[in-house]
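Every chain is numbered from 1 and lettered A, B, ... according to where its sequence line falls, protein lines coming before strand lines.
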Number of protein chains: 2
Amino acid sequence: MSAENTEWQHELRARGYRLTPQRQLVLEAVEELGHATPEEVLTEVRRKAQGVNISTVYRTLELLEGLQLVTHAHLGHGAPTYHPGSAPDHAHLVCRGCDRVIEVEPVDVAPLVSVLESKYAFRTDVRHLTVFGECDRCEPAT
Amino acid sequence: MSAENTEWQHELRARGYRLTPQRQLVLEAVEELGHATPEEVLTEVRRKAQGVNISTVYRTLELLEGLQLVTHAHLGHGAPTYHPGSAPDHAHLVCRGCDRVIEVEPVDVAPLVSVLESKYAFRTDVRHLTVFGECDRCEPAT
DNA sequence: TTGATTGCAAAGCCTTTGCAGTTCT
DNA sequence: AGAACTGCAAAGGCTTTGCAATCAA
């Protein structure tokens, strides 16, 4: 873990950024929470340090995303959900009926990725992919 | 066209709703614009009638969506885009590099739909599907 | 030292809501 | 007449921004 830290911390500095307690706390929070909105990240961060501001969370998440240490996806109408970059790649299915979120492996969306690549030369961002629809527990739409 | 009109107008009334000039104008605007945000719909509507309010546009789009006369998709960070329900089904590809939007036929996403159906019993809403990534005109991310 | 970063407060989008007046049926 | 609908204004949720103070290197 210290090896990991060293790595991204070096990367940060290499780009002229600075390592701050807030940045470490935000990254830790995303890694601990797994799926979290900016507001949830803030809450988690504040359990360890006080005075951290929501605007810092937004700025930090953006920066961490640039470093590919976190990613985000839109799972509904509200705030986006942030995931650790270290988590295995996955796409999301969201059920309109019950709001259930299902994580799917890249292999499941590989057929789509292939078609888009070959037919449109389009490179899909799988980690950002969210498919809306209806799950088996919910009645078909009428 | 009057036949079409008659049909949805009957449907409206059958559900206890009323036919108002605003509702006709909003539907016409979506059909004329093809892809439009609520704000764009308002602008178009105001070319024909004055005094129409943005809140009416929102309320009307929601109602028309319930009647499946329009659908919406999220093509970026801002407001959603509304499409006529009469348009052929399609999904969207959005390029992060140049913001280009590519419409794809249902047949292109059929492989995905099949996998999700068979493996997760998940029924995909193709018209709402937006895939983010990078198009052939743009450089691969570094 | 000094430029990056933060907290705070204000503003900005986009969308929803309460309500009184209006309109469709 | 009476319920549905609209315009208006205000509020609400989420996010960004300007700026002075603070902090990492």
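Between A:Q24 atom CD and D:dA24 atom C1' the separation is 12 Å, expressed in whole Å. Residue A:L61 contributes atom CG, which lies 15 Å from atom P of C:dT5 at whole-angstrom precision. Remark: P of C:dC14 and NE2 of B:H72 are 15 Å apart, rounded to the nearest angstrom. Atom C1' of nucleotide D:dA25 and atom NE2 of A:H10 are separated by 14 Å, given to the nearest angstrom. For the pair B:E62 CD and C:dC14 P, the interatomic distance rounds to 18 Å; values are reported in whole Å.
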Can you name the atoms? Protein N/O to nucleotides 5-12 of chain D N/O, anything below 3.5 Å, with the distance.
residue, atom, partner, partner atom, Å
D:dC5, OP1, B:R18, N, 2.5
D:dC5, OP1, B:R23, NH1, 2.4
D:dC5, OP1, B:R23, NH2, 3.4
D:dC5, O5', B:R23, NH2, 3.1
D:dT6, OP1, B:T20, OG1, 2.8
D:dT6, O3', B:Q22, NE2, 2.9
D:dG7, OP1, B:Q22, NE2, 3.4
D:dG7, OP1, B:G51, O, 3.1
D:dG7, OP2, B:N53, N, 3.2
D:dG7, OP2, B:T56, OG1, 2.3
D:dG7, O5', B:G51, O, 3.4
D:dG7, N7, B:R59, NH2, 2.9
D:dG7, O6, B:R59, NH1, 3.4
D:dG7, O6, B:R59, NH2, 3.2
D:dC8, N4, B:S55, OG, 3.3

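Residues of residues 33-43 of chain B that place a heavy atom closer than 4.0 Å to DNA chain D do not occur.
A search for ring-ring contact (aromatic ring centres under 6.0 Å, His included) contacts involving A:F122 returns nothing, not counting sequence neighbours. Take A:R137 and apply the salt bridge (charged side-chain N to carboxylate O under 4.0 Å, His left out) test, not counting sequence neighbours, and it matches no residue. Listed by chain and residue number, nothing satisfies the side chain to side chain contact (heavy atoms under 4.5 Å, CB included) test with A:D99 (two or more places apart in sequence, or in another chain). With sequence neighbours left out, B:V113 forms a side chain to side chain contact (heavy atoms under 4.5 Å, CB included) with B:V109, B:T124, B:V126. A:E117 meets the salt bridge (charged side-chain N to carboxylate O under 4.0 Å, His left out) test with no other residue; sequence neighbours excluded. For the side chain to side chain contact (heavy atoms under 4.5 Å, CB included) test, residues two or more places apart in sequence or in another chain that qualify with B:E11 are B:R15, B:L67. Every side chain to side chain contact (heavy atoms under 4.5 Å, CB included) that B:A73 has, sequence neighbours left out, goes to B:L75, B:H83, B:H92, B:T130. With sequence neighbours left out, A:R13 forms a salt bridge (charged side-chain N to carboxylate O under 4.0 Å, His left out) with no residue at all. The ring-ring contact (aromatic ring centres under 6.0 Å, His included) test applied to A:Y120 returns no partner, not counting sequence neighbours.
At most 12 non-hydrogen atoms from other residues, nucleotides or ligands lie less than 6.0 angstrom from CD of A:E62.
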### Summary
Intra- and inter-strand pairing of DNA chain D, written as dot-bracket with Watson-Crick and G-U pairs under 3.5 Å and | for the latter, reads |||||||||||||||||||||||||
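Using a cutoff of 4.0 Å between basic side-chain nitrogens and carboxylate oxygens, A:K48 and A:E32 are scored as salt-bridged.
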